Amino acid sequence: MNKLLTVLAACALTLSLAGCQKAADSAASNKPAPTFESTDVSGLDYAKGFALVDHTGKPRTLADFKGKVALVFFGYTQCPDVCPTTMAEMAQVMQKLGPQADQVQVLFITLDPERDTQQLLAQYVPAFDKRFIGLRGTLEQTAKTAKDFKVFYAKVPGEDPKTYTIDHMAGTYVYDRDGHLRLYIKRDQSADSIVHDIRQLLS
């Protein structure tokens, strides 16, 4: 009789523990979806990757940055306003993230490979934050990457052939740690809102 009671008690304990585990699993599966302040573009069928060279001369693809939240911005070093403003804001974002910034990678893809040499990118991009990476390709690779990311850009002639500017899209794409496109950050979005969204993707 005592042996039977012992077995029943053991069974009851096992069922109790299993019930607790199911409750925990259920709570995990019912975790509220993250709320973003940027535009949620999860599931869109473009901006899936690139094959470019970074400012140290190393070939790079988007897959290289899996494990981190990656932010991809298109611009050029002689941009008079939007590009330096965006890069400075991204540097501010990294500061606000504190230790979590090491789980984030900011990528600057030049739309002006004719003037933005590897050496120039190596001076310009890390000047905002030493962890930032500049990327460039040939004219053909640049055009293909911009098309794949649905980034509009066009040369605007200056007083001479070397003083042109480039009109271009000013937003930033954000990828989660699995390399999936998740967010689009619009121009002039605050650093605090960007930090909020990045922390949601890191949680």
Side-chain angles (χ1 to χ4, degrees), residues 31-56 58-76 79 82-83 85-111 113 116 121 124-126 128-137 141-153 168-203:
K31 182 180 177 180
T35 56
F36 298 116
E37 297 186 22
S38 306
T39 304
D40 191 338
V41 293
S42 301
L44 291 186
D45 193 30
Y46 61 87
K48 290 186 174 182
F50 54 77
L52 300 168
V53 176
D54 72 17
H55 65 249
T56 70
K58 182 178 179 179
R60 293 285 198 170
T61 67
L62 184 60
D64 293 338
F65 306 103
K66 279 190 175 182
K68 292 188 175 184
V69 170
L71 289 80
V72 178
F73 176 75
F74 288 77
Y76 66 112
C79 177
V82 174
C83 301
T85 299
T86 298
M87 294 296 281
E89 183 175 56
M90 291 304 170
Q92 185 181 6
V93 166
M94 297 292 272
Q95 290 178 348
K96 287 177 175 288
L97 283 169
Q100 287 183 304
D102 291 334
Q103 302 175 60
V104 176
Q105 183 62 63
V106 173
L107 303 169
F108 177 92
I109 299 178
T110 181
L111 293 168
D116 287 348
L121 285 176
Y124 180 83
V125 178
F128 293 96
D129 186 293
K130 64 182 181 180
R131 294 163 291 195
F132 290 3
I133 294 176
L135 297 163
R136 70 185 300 275
Q141 288 172 324
T142 300
K144 179 182 184 305
T145 304
K147 182 179 179 180
D148 291 345
F149 279 70
K150 297 189 182 298
V151 171
F152 164 83
Y153 72 107
H168 64 92
M169 185 193 81
T172 301
Y173 291 105
V174 184
Y175 295 78
D176 63 23
R177 288 187 286 191
D178 293 321
H180 299 138
L181 178 61
R182 298 296 303 277
L183 303 173
Y184 178 76
I185 300 171
K186 296 179 181 177
R187 181 184 175 185
D188 298 328
Q189 193 169 319
S190 72
D192 285 337
S193 69
I194 297 170
V195 169
H196 168 272
D197 288 353
I198 290 174
R199 283 183 169 148
Q200 291 289 306
L201 292 175
L202 289 174
S203 63

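Computed from a predicted structure; not experimentally measured. Positions are given from 1, in the same order as the sequence printed here. Side-chain atoms are counted along with the backbone in the values below, which use heavy atoms only and exclude waters and symmetry mates.
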Nearest heavy-atom neighbours spanning [X] and [Y]:
X	Y	answer
A191	E89	N-OE2, 3.4 Å
S42	R182	OG-NE, 2.8 Å
R131	D102	NH1-OD1, 3.2 Å
Y153	A143	OH-CA, 3.4 Å
R177	S203	NH2-O, 4.3 Å
A47	L181	CB-CD2, 4.1 Å

Can you tell me if [X] uses its side chain to pair, donor with acceptor, with the backbone of [Y] under 3.5 Å?
X	Y	answer
E37	I185	no
H55	G134	yes
R136	P113	yes

So do the side chains of [X] and [Y] get within less than 4.5 Å of each other, counting heavy atoms only?
X	Y	result
D148	F50	no
C83	H168	yes
L107	R60	no
Q92	V195	no
T142	T110	no
M169	V151	yes
D129	V106	no

Residues forming a ring pair (Phe, Tyr, Trp, His ring centres under 6.0 Å) with Y184, sequence neighbours excluded: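 Result, ring pair (Phe, Tyr, Trp, His ring centres under 6.0 Å) vs Y184: Y173.
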- request: Show your working on ring pair (Phe, Tyr, Trp, His ring centres under 6.0 Å) between F149 and F74 and close with a plain yes or no.
  value: CA-CA 10 Å; F149 279 70; F74 288 77; 5.3 Å; yes
- request: List for me each residue that meets salt bridge (charged side-chain N to carboxylate O under 4.0 Å, His left out) alongside K58, sequence neighbours excluded, and say none if there are none.
  value: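 In terms of salt bridge (charged side-chain N to carboxylate O under 4.0 Å, His left out), with neighbours along the sequence ignored, K58 is linked to no residue.
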Reported [atom1]-to-[atom2] distance for the pair [X] and [Y], which is rounded to 0.5 angstrom:
X	Y	atom1	atom2	answer
I133	T56	CD1	OG1	7.5 Å
S190	K96	OG	NZ	8.5 Å
T86	D188	OG1	CG	8.0 Å
Q141	L135	CD	CG	11.0 Å
M90	Q95	CE	CD	13.5 Å
D197	L71	CG	CG	10.0 Å

query: With respect to F108, which candidate in F132, Y124, F128 satisfies the ring-ring contact (aromatic ring centres under 6.0 Å, His included) definition?
result: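 One option only clears the test, and that one is Y124.
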- request: Start with the C-alpha distance between I194 and T172, add both sets of side-chain angles, then the distance that settles side chain to side chain contact (heavy atoms under 4.5 Å, CB included), and finish with yes or no.
  value: CA-CA 10 Å; I194 297 170; T172 301; over 6 Å; no
